[in-house]
Protein chains: 4
Amino acid sequence: MPRLTEQRRTARRNQLIAAAVRCVAREGFHKTTMSAVIAESGMSAGAVYGYFASKNDIIRAIADSVLGRMTANLARLTEGATPVAPIDALESVLGQIADLARDGDIPRVAVQAWAEAGRDEVVAGIVRERLAQVRNAWRELLLRAREAGLLSAAADIDALAQVMLGAMMGFLQQYLLMGDVRPDSYAAAYRSLAGAGE
Amino acid sequence: MPRLTEQRRTARRNQLIAAAVRCVAREGFHKTTMSAVIAESGMSAGAVYGYFASKNDIIRAIADSVLGRMTANLARLTEGATPVAPIDALESVLGQIADLARDGDIPRVAVQAWAEAGRDEVVAGIVRERLAQVRNAWRELLLRAREAGLLSAAADIDALAQVMLGAMMGFLQQYLLMGDVRPDSYAAAYRSLAGAGE
Amino acid sequence: MPRLTEQRRTARRNQLIAAAVRCVAREGFHKTTMSAVIAESGMSAGAVYGYFASKNDIIRAIADSVLGRMTANLARLTEGATPVAPIDALESVLGQIADLARDGDIPRVAVQAWAEAGRDEVVAGIVRERLAQVRNAWRELLLRAREAGLLSAAADIDALAQVMLGAMMGFLQQYLLMGDVRPDSYAAAYRSLAGAGE
Amino acid sequence: MPRLTEQRRTARRNQLIAAAVRCVAREGFHKTTMSAVIAESGMSAGAVYGYFASKNDIIRAIADSVLGRMTANLARLTEGATPVAPIDALESVLGQIADLARDGDIPRVAVQAWAEAGRDEVVAGIVRERLAQVRNAWRELLLRAREAGLLSAAADIDALAQVMLGAMMGFLQQYLLMGDVRPDSYAAAYRSLAGAGE
DNA sequence: TATGAATGAGCATTCATTCAT
DNA sequence: GATGAATGAATGCTCATTCAT
């Protein structure tokens, strides 16, 4: 088969996932019909099943794709060699999330994926892996911050990474559900919490 | 006269919701069939539709019930007159969430409700109301903490309430998805974060 | 049982039939639900089944009642001893039908009964009996008209009675479906047809 | 390309309508189940819904089809250029109706359609249109008869067309319900009515 | 190869009827 | 008696998937 294969195939797959994501953002995984995905993608039913074995397969691909794109921007943050104060990093990350939520469907579908993980163990595996990536990125960033003295030497890096990931999830949910959270004040609140309790 | 008393009617309704919650915890809202709910509840198809007009109605009742029960314990915390350090309160609340998640279906279904809010405006309204309640409880607690000097005078109470709610949501999601978060270390991390960056 | 029984029972039965007729005029026999009849009658489900064994029974009672009331006025016409010209009688009868159709549900439900006769042999029997009554009335009237010289001596009384009944049915259907037929011009047309063709 | 040609699609549609007509002749519109239609047509449930959006759609298509076929033969009668005596034409038309009723389901279903017009405004529109066609055909025939002197010059063509349509409906109903009407004597009775009343 | 019509099990919901109170 | 909540088989319809063309 000399036709331009793998590259073209991947492109079509992505185009299909993009169409499916638009549908899922509107109706959720299980109220989205294959018929809707087929119409949105402009492909034929047969063609779709040439790229994915089943609707479940598409759901899994969507989950992976969408969570991957949530993570993508975060990775960029960590790549930099210069240490960043964790809360500054958080503000930046929350800003990226707010941007994604304002402009597109990804965060809405990410929430769907978190819910779906509760009933499909494969999706659960994908989600776990993606969340682990985010935590790893945070751990790296936090370590560098601690080395730079931007974080107390006694800080529990693992727990803090969990807290940072949790902040992202909590912020996103409130952004989507309440629509009244702002990256700057949200991140700043962590600072005000500071001296408290001691 | 075989007329149902309001009390009996409410009891049956709750019994039905409880059965439906068990189903939804397993399969999510839209993969749960009425047939499954009927079997789980031990009622007949017709009887179920005597209590709820449609599956959608049940979904909404579940969302309200489940989010209400997530909130219930929190309210208890705020009722106390004695000021509590916010992070101590958080640890306590996360502990309650972990307990609920370990012992029952409520938190799993709460996640479903958050996702469903993205496609059913009625559920979105219910969720907004319930989340607002949680924030209000936090605001009250935070105000009292600030008055007692357990919180910096400059603290942004509204933003902090958002952060506290977000912490609950982020903790719960990670509890369900990763299974490795612990109330004590999670809450403690907030403290270690505190001084940082300044 | 010293309670006023038979009389009261009949009254309640008629009240029930009246309610059911209102429903059937709106939705036809088979789109009318027992629930609707129960609501319209103000009785309880159990009570209704005390008067009629089944929905089918009600349908049959309605058919009989409604066709009986279509016939009632016709009988009055024939009772008179004085001979009437057939076409004058027809105009009068069509006028009565138009009045019934304008003011109430009976003719609409009569059409339902004719249709139902195609699938329920019991209703077919009721309809046959009622139509036979109408024909008999016409036969009597036509005989008297022939004796009085208002009708040709060679007239086929049986066939003419069929034609008169047919005229009533055809007029009613057009009144209900087209709404543009008038008793006077409709009857008059029979006269203009008369001499023709010979 | 397995695309259906318009021709094939229409053929399948008609086959489906034919199957549905057989069911409706037996049980009426609303006691005919989709399941019965599906079985009778030999198609699958899904296929049926590829041709018609709903059961209501099928009912409407049946109404149009059946009333159209009642009309078809009438049109043929009018096409002829030679004037026909109205009562001769009537006898011929009643003969066609009797043939249709003896051999097939069409007239039984036509009666269903007239009844259904009382509750579905779309069916009512279809019926009105089809009845108007019949009247138009009669008007044309009557005009030609009047020109040829087969009808009194003073005859009210519109009213006579109503009477002719009414005769067809009344004859058909009696054919189906009583089974004792004959085209020849029925038409002849109109003649015997002739001199009467003057 | 790509198509889209066909499949049919499965879905949410209805409703005539019953019977415990 | 009278009530109306409960029953559950049956209904109209959907939709993930297949496969003849």
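All values derive from a computational prediction rather than experimental measurement. The sequence lines fix the lettering, A, B, ..., with proteins before strands; numbering per chain opens at 1.
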Just jot down the side-chain contact (heavy atoms from CB on, under 4.5 Å) partners of [X], sequence neighbours excluded, or say none.
| X | result |
| --- | --- |
| D:Ser44 | D:Ala47 |
| B:Ala117 | A:Leu177, B:Val123, B:Ala124, B:Val127 |
| A:Thr10 | A:Glu6, A:Asn14 |

In terms of heavy-atom contacts, does CZ of A:Arg119 have more than 12 from other residues, nucleotides or ligands at under 6.0 Å?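 More than 12 heavy atoms, drawn from other residues, nucleotides or ligands, come within 6.0 Å of this atom.
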If a stem is a run of at least 3 consecutive Watson-Crick or G-U pairs, both distances under 3.5 Å, which stems include DNA chain F?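 Expected stems, ordered by start: E:2-21 with F:2-21.
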Smallest separation among heavy atoms of C:Ala20 and C:Ile62, with atom names: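 The pair with the smallest heavy-atom distance is CB-CD1, 3.5 Å.
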Not counting sequence neighbours, list each pair that qualifies as a salt bridge (Lys or Arg N to Asp or Glu O under 4.0 Å) and has a residue in residues 35-58 of chain A.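 Counting only pairs at least two positions apart or across chains, the salt bridge (Lys or Arg N to Asp or Glu O under 4.0 Å) contacts touching residues 35-58 of chain A are A:Arg22-A:Glu40, A:Arg26-A:Glu40.
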Within residues 41-53 of chain A or reaching into it, pairs that qualify as salt bridge (Lys or Arg N to Asp or Glu O under 4.0 Å) - sequence neighbours excluded: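 For residues 41-53 of chain A: none.
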Find the distance [X]:[atom1] to [N]:[atom2] and express it as a whole number of Å.
| X | N | atom1 | atom2 | value |
| --- | --- | --- | --- | --- |
| C:Met43 | F:dG1 | CE | P | 12 Å |
| D:Ile58 | F:dT11 | CD1 | P | 15 Å |
| D:Leu4 | E:dT7 | CG | P | 12 Å |

Just jot down the salt bridge (Lys or Arg N to Asp or Glu O under 4.0 Å) partners of B:Glu129, sequence neighbours excluded, or say none.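 Checked B:Glu129 against salt bridge (Lys or Arg N to Asp or Glu O under 4.0 Å); zero matches.
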Please work out if A:Phe52 contacts a base, only the sugar-phosphate, or nothing of the nucleic acid, heavy-atom cut-off 4.0 Å.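 Answer is nothing: A:Phe52 stays at 4.0 Å or more from every strand.
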DNA chain E contacts made by residues 10-27 of chain D, counting heavy atoms under 4.0 Å: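 Heavy-atom cutoff 4.0 Å gives D:Arg12.
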Once base and sugar-phosphate atoms are separated, protein heavy atoms under 4.0 Å mark nucleotides 12-17 of chain E, 5' to 3', with B, S and - as SBBBSB
Those residues that, when tested against C:Glu121, pass side chain to side chain donor-acceptor pair (under 3.5 Å) (two or more places apart):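 Expected list: C:Arg128.
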Under the side chain to side chain donor-acceptor pair (under 3.5 Å) test, which residues partner A:Gln112, sequence neighbours left out?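 In terms of side chain to side chain donor-acceptor pair (under 3.5 Å), with neighbours along the sequence ignored, A:Gln112 is linked to no residue.
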Output every pair passing side chain to side chain donor-acceptor pair (under 3.5 Å) with a member in residues 58-69 of chain C, not counting sequence neighbours, ordered by first then second residue.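 Pairs touching residues 58-69 of chain C that pass the test: C:Arg60-C:Asp120, C:Asp64-C:Arg130, C:Ser65-C:Arg69.
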If you check the C:Ser44 side chain, which of F:dG8, E:dA6, F:dT3 turns out closest?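 Closest nucleotide to the C:Ser44 side chain: F:dT3.
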